[in-house]
Amino acid sequence: MAAIYSLYIINKSGGLIYYKDYGSAGRMDTNDTLRLASLWHSMHAISQQLSPVSGCFGVELLEADTFDLHCFQSLTGTKFFVVCEPGTQHMELLLKYVYELYTDYVLKNPFYEMEMPIRCELFDINLTQAVQKDRVALLGR
């Protein structure tokens, strides 16, 4: 089973509202995670503007030698991205499922304020279960 290194959720303004590290080797400090989220938001926006194809939604996959970065952007502009082992398949399905969890447990929480950091125990629990599950279970949805 392929490893997921980390998961990020960025609000439409480019602010990091959620970060979860799943034991990646080079653990980053808080400032580095904020910088990475801001950088990805900027790269995503620039790629939409520079694309020669109309209707481009930005970078969805960044492949490097040691990791892949998969991104899903919701209609509201919230970005979900995961850093995982190179060649990991079906990450877009996982990201869409994370979005479902976000809408079910975060957005429907009466105490959550939009665009603010996510502090929701039910979201954390269900997200951990989703990441730990076998990928085959997600494919059957």
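Model, not experiment: these values are computed from the prediction. As a basis for the values below, the full set of heavy atoms in this structure was taken, side chains included, without hydrogen atoms, waters or symmetry mates.
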Out of curiosity, does [Y] fall in the hydrophobic cluster containing [X] (side-chain heavy atoms, cut-off under 4.5 Å, transitive links)?
| X | Y | result |
| --- | --- | --- |
| Val59 | Leu39 | yes |
| Leu61 | Ile9 | no |
| Leu107 | Tyr97 | yes |

Kindly determine whether Ile118 and Tyr102 satisfy side-chain contact (heavy atoms from CB on, under 4.5 Å), including the steps that lead there.
CA-CA 9 Å; Ile118 298 170; Tyr102 172 75; 3.7 Å; yes
Shortest non-hydrogen contact from [X] to [Y]?
| X | Y | value |
| --- | --- | --- |
| Thr88 | Ala3 | OG1-O, 4.5 Å |
| Asn109 | Cys120 | ND2-SG, 3.9 Å |
| Tyr99 | Ser74 | CE1-CB, 3.4 Å |
| Tyr105 | Leu122 | CD2-CB, 3.6 Å |

Look at the side chain of Ser38 and the backbone N and O of Leu34, then say whether any donor-acceptor pair between them is shorter than 3.5 Å.
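The answer is no, because no donor-acceptor pair under 3.5 Å joins these two groups.
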Are the side chain of Glu113 and the backbone of Phe111 linked by a donor-acceptor contact shorter than 3.5 Å?
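Absent.
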Inter-residue atom distance [X].[atom1] - [Y].[atom2], 0.5 Å rounding:
| X | Y | atom1 | atom2 | answer |
| --- | --- | --- | --- | --- |
| Gln132 | Leu127 | CD | CG | 9.5 Å |
| Leu69 | Met43 | CG | CE | 8.0 Å |
| Met116 | Ile17 | CE | CD1 | 10.0 Å |
| Ile125 | Gln129 | CD1 | CD | 7.5 Å |
| Ile10 | Thr78 | CD1 | OG1 | 10.0 Å |
| Leu75 | Lys12 | CG | NZ | 12.5 Å |

Test: side-chain hydrogen bond (donor to acceptor under 3.5 Å, both in side chains). Region: residues 40-60. Which pairs qualify, not counting sequence neighbours?
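Residue pairs passing side-chain hydrogen bond (donor to acceptor under 3.5 Å, both in side chains), neighbours aside: His41-Lys79, His44-Gln73.
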Candidate pair Arg119 and Asp124, rule side-chain contact (heavy atoms from CB on, under 4.5 Å), full reasoning
CA-CA 8 Å; Arg119 305 278 184 258; Asp124 286 334; over 6 Å; no
With a 4.5 Å heavy-atom cut-off, do Met91 and Leu94 have their side chains touching?
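They are in contact (side-chain heavy atoms under 4.5 Å apart), so the answer is yes.
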Hydrophobic cluster of Ile46, others only, ordered by chain and residue number, side-chain cut-off 4.5 Å
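Leu50, listed by chain and number.
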Answer yes if the ring centres of Phe67 and Tyr5 are under 6.0 angstrom apart, and no otherwise.
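Between Tyr5 and Phe67, which both carry aromatic rings, the centre distance is not below 6.0 Å.
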Fit a plane to each ring of Tyr18 and Phe123, take the angle between them on a 0 to 90° scale, and name the class: parallel (under 30°), tilted (30 to 60°) or perpendicular (over 60°).
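Perpendicular, since the angle between the ring planes exceeds 60°.
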So, applying side chain to side chain contact (heavy atoms under 4.5 Å, CB included) with Leu7, which one of Val83, Asp21, Val98 is it?
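Running side chain to side chain contact (heavy atoms under 4.5 Å, CB included) over Val83, Asp21, Val98 with Leu7 returns exactly one hit, Val98.
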